[in-house]
Enquirer: 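Here's a structure for you.
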Amino acid sequence: MMKAYLSVFRLRISIGLQYRAAALAGIATQFFFGFMFIMIFQAFYAHSVSTPPMTLSAVITYTWLKQAFLVFIMLWLRDNELFGLITSGNIAYELCRPSEIYGLWYAKLLATRLSSALLRCFPLLLVTLFLPRPYRLELPPDLLTLVLFVVVLLVGLLLVVAISMLIYISVFVTMSPGGSLMLFSIFGEFLAGLIIPVPLMPGWMQNIVYMLPFHWTADFPFRVFTGELSKTETLSGLAAQAAWLVGLIALGKILMNKALRGVVVQGG
């Protein structure tokens, strides 16, 4: 069964790497929004009456990381093929496969995000490293921090895919891909720190954020990169990421099996 998952993963990676023109357009768009967010934060810091919990340099680096790895972390990335299988009744074809549907779909979604990010992140990171201050992306304080960032970013990617699987599973009930995406994206991306970094949120809101899994996908890895978190905090956070990942995959499999038992295929 694992061989089937790996085959699907490799196939989706090779397909995704072919869309170079779309990646170039995405890079240009992400540069535009990156500069826009940075200028907004500059205005905020210039008129702040108290010292913010993050330095402007850290926020700028955080912003560039968000733009570079946007495909890793955004919940509104959609696979219309999977949505079509659910809403059209063609899920019957998937049920005929000898492999588990959850694992196959997870591998597809993971490969799609990874291939898109590989085309976009490196050019954007390379350019932002050589921008003049204050627009430059600042490197982590040491090599160990960089290694830890890569680890927690990849675990965060696995966590995003597990959350995304819940979106697709919810469509079995709602039959509305747009509605499910909107519901998860509006709340999930804000709570992940994709609008403003979590440390800049009010204290009561941070308490809510830290009880949910979303900030482990983006805010946590980016703050590891900027050196905002100590090595001890990073390792404890990695353990929390792993716990959420196991829990969400287990929940996803339970809900998927329940949804498939109640699925109605057109034509009988």
Side-chain angles (χ1 to χ4, degrees), residues 26 29-45 47-48 50 52-56 58-79 109 113 116-117 120-121 124 149 152-153 155-171 174 176-226 228-229 233 237 240-241 243-245 247-248 251-252:
T29 303
Q30 286 159 231
F31 267 117
F32 171 80
F33 280 100
F35 280 113
M36 184 183 72
F37 278 115
I38 287 172
M39 287 186 284
I40 291 173
F41 283 121
Q42 281 182 310
F44 169 78
Y45 272 70
H47 297 87
S48 178
S50 60
M54 290 180 70
T55 65
L56 179 59
V59 171
I60 290 172
T61 296
Y62 186 110
T63 300
W64 286 128
L65 291 172
K66 177 180 68 176
Q67 296 303 316
F69 297 104
L70 187 62
V71 181
F72 267 24
I73 56 182
M74 61 183 183
L75 286 175
W76 46 267
L77 183 69
R78 59 190 294 162
D79 189 318
L109 296 176
R113 289 180 180 272
S116 297
R120 301 183 185 198
C121 70
L124 199 148
F149 163 72
V152 298
L153 180 68
V155 177
L157 169 62
L158 298 176
L159 191 54
V160 167
V161 178
I163 296 173
S164 296
M165 283 296 299
L166 297 179
I167 299 177
Y168 291 90
I169 294 169
S170 72
V171 177
T174 66
S176 172
S180 294
L181 273 173
M182 184 178 298
L183 180 64
F184 276 82
S185 298
I186 290 177
F187 294 103
E189 298 202 356
F190 179 81
L191 296 173
L194 298 186
I195 308 301
I196 59 173
V198 174
L200 300 184
M201 296 180 181
W204 63 268
M205 190 176 293
Q206 292 185 38
N207 293 333
I208 296 174
V209 168
Y210 292 138
M211 290 190 295
L212 299 171
F214 302 102
H215 92 101
W216 297 112
T217 65
D219 178 77
F220 172 65
F222 298 162
R223 288 167 63 196
V224 170
F225 187 97
T226 60
E228 296 286 315
L229 300 176
E233 290 173 321
Q241 276 186 314
W244 273 109
L245 177 61
L248 288 175
L251 175 63

Enquirer: Supply the atom-to-atom distance F69 CZ to T217 OG1, rounded to the nearest 0.5 angstrom.
Expert: 13.5 Å
Enquirer: So which atom in L109 and which in M165 form the shortest heavy-atom distance, rounded to 0.1 Å?
Expert: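 Looking at all heavy atoms of both residues, the shortest contact is CD1-SD, 3.6 Å.
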Enquirer: Apply side chain to side chain contact (heavy atoms under 4.5 Å, CB included) to W64 and I38, showing your working.
Expert: CA-CA 9 Å; W64 286 128; I38 287 172; 3.4 Å; yes
Enquirer: Side chains of R113 and S164: does their closest heavy-atom pair fall under 4.5 Å?
Expert: yes
Enquirer: If you round to the nearest 0.5 Å, how far is CG of L212 from CG of N207?
Expert: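 Here the interatomic distance stands at 11.5 Å.
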Enquirer: Keeping the roles fixed (side chain from T63, backbone from V59), state whether a donor-acceptor pair exists under 3.5 Å.
Expert: yes
Enquirer: Side chain of S48, backbone of Y45: donor and acceptor closer than 3.5 Å?
Expert: no
Enquirer: For P197 versus F41, what's the shortest heavy-atom pair and its separation?
Expert: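 For P197 and F41, the tightest heavy-atom pair comes out as CD-CZ, 3.7 Å.
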Enquirer: Give me the atom names and distance for the closest heavy-atom approach of F149 to P221.
Expert: CD1-O, 3.1 Å
Enquirer: For the pair T61 (side chain) and A58 (backbone), establish whether a donor and an acceptor sit closer than 3.5 Å, ignoring hydrogens and angles.
Expert: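 Checked: no pair found.
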Enquirer: Determine yes or no for a side-chain-to-main-chain donor-acceptor pair under 3.5 angstrom, with Q30 supplying the side chain and Q67 the backbone.
Expert: yes
Enquirer: Find the distance between CD1 (I163) and CH2 (W216) and round it off to the nearest 0.5 Å.
Expert: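 Here the interatomic distance stands at 12.5 Å.
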Enquirer: Between F31 and L124, does a side chain to side chain contact (heavy atoms under 4.5 Å, CB included) hold up when you go through it step by step?
Expert: CA-CA 8 Å; F31 267 117; L124 199 148; 4.0 Å; yes
Enquirer: Going from CD1 on I40 to CD1 on I196, what distance comes out if it is rounded to the nearest 0.5 angstrom?
Expert: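 One gets 11.5 Å once the value is rounded to the nearest 0.5 Å.
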Enquirer: Checking Q241 side chain against L159 main chain: does a donor-acceptor pair fall under 3.5 Å?
Expert: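 It does not hold such a pair.
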Enquirer: Please report the C-alpha distance between F220 and V152 in whole Å, then the side-chain angles of each, then the deciding distance to 0.1 Å, and finally whether the side chain to side chain contact (heavy atoms under 4.5 Å, CB included) criterion is met.
Expert: CA-CA 8 Å; F220 172 65; V152 298; 3.6 Å; yes
Enquirer: Roughly how far, to the nearest 0.5 Å, is the CG atom of L200 from the CG atom of D219?
Expert: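 One gets 9.5 Å once the value is rounded to the nearest 0.5 Å.
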Enquirer: Can you name the closest pair of heavy atoms from L248 and A162 and give their distance?
Expert: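 So the two residues come closest at CB-CB, 4.1 Å.
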Enquirer: Restricting to non-hydrogen atoms, name the atom on A192 and the atom on A218 that form the minimum distance, rounded to 0.1 Å.
Expert: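 Looking at all heavy atoms of both residues, the shortest contact is O-CB, 3.6 Å.
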Enquirer: With rounding to the nearest 0.5 Å, note down the distance linking CG in L65 to CG in L153.
Expert: 8.5 Å
Enquirer: Please list, chain by chain and in numerical order, all residues satisfying ring pair (Phe, Tyr, Trp, His ring centres under 6.0 Å) with Y210, sequence neighbours excluded.
Expert: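 In terms of ring pair (Phe, Tyr, Trp, His ring centres under 6.0 Å), with neighbours along the sequence ignored, Y210 is linked to H215.
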Enquirer: Can you name the residues that form a ring pair (Phe, Tyr, Trp, His ring centres under 6.0 Å) with F33, not counting sequence neighbours?
Expert: none
Enquirer: Report yes or no: does E189 contribute a side-chain atom to a donor-acceptor pair with the main-chain N or O of I195 at less than 3.5 Å?
Expert: no
Enquirer: Contact between P199 and Y62 at the side-chain level, heavy atoms closer than 4.5 Å - yes or no?
Expert: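 P199 vs Y62: side chains apart.
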